Amino acid sequence: MFALMAASALVMAPVSATPPYAVPGEEQVDPYTPGAQNAGATPFAGEGMARAFHGQEGIRRIVESFTRLSYDDKVIGEIFFKHDKVRFKRTLFEQFCYVLNAGCTYSGRDMASSHKDLGVQQADMNRLVELLQQAMSREHVGFAAQNRFLSKLAPMRPDVVKR
Amino acid sequence: MQIHSPGSRAITAVSILLAACVLPMAAHARPLRNEGKLLLTNGVATVEGASGGGLAPWATIAGNETKDGIGVSAHATMDELKDYQYRSAGVAVGLFNRVELSYARQNFNTQKIGAALGLGQDYTFKQDVVGAKIRVLGDVVYDNPLIPAIAVGVQYKHNLNGNIVRALGAKQASGVDFYVSATKLILAQSVLVNTTLRLTKANQIGLLGFGGDRNDAYRVQFEGSLAYQMSRRLAIGGEYRMKPDNLGVARENAWFDGFVAYAINRHLTATVAYTDLGSIATINKQRGYLLSLQAAF
């Protein structure tokens with residue numbers, strides 16, 4: 001299985017050949033095996049959700065403002081403080097875009113590895129949800145669609161809240 | 001209170017359960033966190049003081065805190081019915097989003113009907129309710145969407161009008177309710193579903209005492225809540241609450257409500273509801289508007 005995926009990753013990315021854990025311009029993270037299952041959720045069927053989030057452009061704006069809100073937040077900012085913002089934005093965009101079925105693949109780590117040792121508490125995750133809601137509202141994503149998206153993220157909690 | 005009344009036994013059982021639940025949590029003490037819960041996910045105070053949907057207790061824990069904190073809340077509720085006036089006020093403590101302890105005082109003013117029933121104008125039935133609830137498993141918002149939060153609870157109810165409720169046919173002036181609630185916010189549909197099963201002998205939730213000539217045994221009653229989340233701050237919904245019908249002279253009906261709950265800010269939630277409480281103390285069609293304010297920290 002892993003050999004197969006590694007092989008297919010090689011076949012699909014023969015030109016740039018930079019592994020997703022060592023992208024130029026980003027801090028390197030520990031090597032891992034990329035794959036769609038790392039996204040932690042299956043994508044929505046159909047194009048409805050991608051449309052509700054205004055496609056890749058809308059998702060990019062949401063990720064942009066969500067990232068700014070999170071890094072600047074007085075409650076959870078300190079968790080993000082030392083975190084590579086460039087890599088965070090890229091992988092988060094890929095994950096949202098993949099789950100919303102807006103035409104992306106996710107190349108980041110799985111949720112357990114990417115949140116390991118961050119010391120996220122339940123109140124932090126709730127704050128994060130509030131900031132994401134703010135970012136989605138700024139993009140004028142309807143509340144029902146916001147909740148539908150959150151329904152894909154809510155089951156990730158056991159991998160995120162570790163203490 | 002007698003030493004071996006069901007109430008004191010229930011309270012002893014609750015204390016032991018509480019000790020078993022709270023002591024291990026206190027043992028690995030960390031600094032407490034403040035203001036952790038998402039808006040509306042602490043529910044609103046029920047008429048008996050437990051957190052929930054107004055009529056039915058949910059598998060929520062009162063107060064704004066997560067598993068890392070201790071939250072508190074207070075509420076005041078008024079329900080202006082066709083012939084009666086209901087008032088309640090209470091406080092609740094939520095420990096580590098696991099255990100909830102609550103107290104409520106209920107006043108049920110019979111207004112003019114009191115005179116007609118020979119009790120006197122504005123005769124008021126009063127009851128104290130002390131409750132404890134423990135969330136056994138699951139989460140209302142997170143984790144597996146198919147696994148609801150499940151809580152068990154107990155409510156010790158002490159009616160302060162013992163002689164009158166006995167004269168009406170009630171067998172006891174105090175009683176204990178036991179319930180289990182399963183609650184989930186189904187995010188994909190923005191719908192919250194709650195189902196509660198309650199073991200009770202209470203007449204009109206205890207305001208008319210416990211047990212009666214028609215029945216003096218515990219019966220299982222179903223309570224259900226359905227709510228739709230319109231925004232972070234606003235939810236609308238309806239509830240249904242089955243009740244026993246123990247008193248031959250004062251038959252009773254299931255209760256219904258339709259509600260709008262609004263989180264004014266992180267600490268204040270206002271609820272407005274249309275309630276249909278059916279027949280109460282021989283007078284039918286007790287419908288009216290309920291207003292409830294809750295402060296939570």
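Predicted model, so just to flag it, every value in this text is computed and none were measured. Each chain gets a letter, A, B and so on, in the order the sequences are listed, and its residues count up from 1.
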Which one of T41(B), L38(B), T66(B), N97(B) has the most heavy-atom pairs closer than 4.5 Å to chain A? L38(B)

Contact summary for [X] and [Y], nearest pair of heavy atoms:
X       : Y       : value
F143(A) : S231(B) : CZ-C, 3.4 Å
G36(B)  : N126(A) : O-ND2, 2.7 Å
S190(B) : A144(A) : OG-CA, 3.9 Å

Can you establish whether the number of heavy atoms outside [X] located under 6.0 Å from its atom [atom1] is more than 12?
X       : atom1 : result
N265(B) : CG    : yes
E80(B)  : CD    : yes
K116(A) : NZ    : no

Heavy-atom pairs under 4.5 Å with chain B, option from K152(A), M125(A), R127(A) with the top count: M125(A)

Between [atom1] on residue [X] and [atom2] on residue [Y], distance to nearest 0.5 Å:
X       : Y       : atom1 : atom2 : answer
L187(B) : N147(A) : CG    : CG    : 5.0 Å
R232(B) : E130(A) : CZ    : CD    : 5.0 Å
I186(B) : R148(A) : CD1   : CZ    : 13.5 Å

What part of E65(B) is in contact with chain A, defined as an atom under 4.5 angstrom from a non-hydrogen atom: side chain, backbone, both or neither? neither

Is it true that a side-chain atom of D143(B) and a backbone atom of P155(A) form a donor plus acceptor pair closer than 3.5 Å? no

Stepwise side chain to side chain contact (heavy atoms under 4.5 Å, CB included) test for Y142(B) and V160(A): CA-CA 11 Å; Y142(B) 292 107; V160(A) 175; over 6 Å; no

Under 4.5 Å, heavy atom to heavy atom, which residues of residues 287-297 of chain B contact chain A? none

State, yes or no, whether a side-chain contact exists between K67(B) and V161(A) at a heavy-atom distance under 4.5 Å. yes

Dump the intermediate steps for side-chain hydrogen bond (donor to acceptor under 3.5 Å, both in side chains) on Q122(A) and D68(B), then the final yes or no. CA-CA 8 Å; Q122(A) 184 57 55; D68(B) 304 303; over 6 Å; no

Measure M156(A) against the heavy atoms of chain B and call it side chain, backbone, both or neither at under 4.5 Å. neither

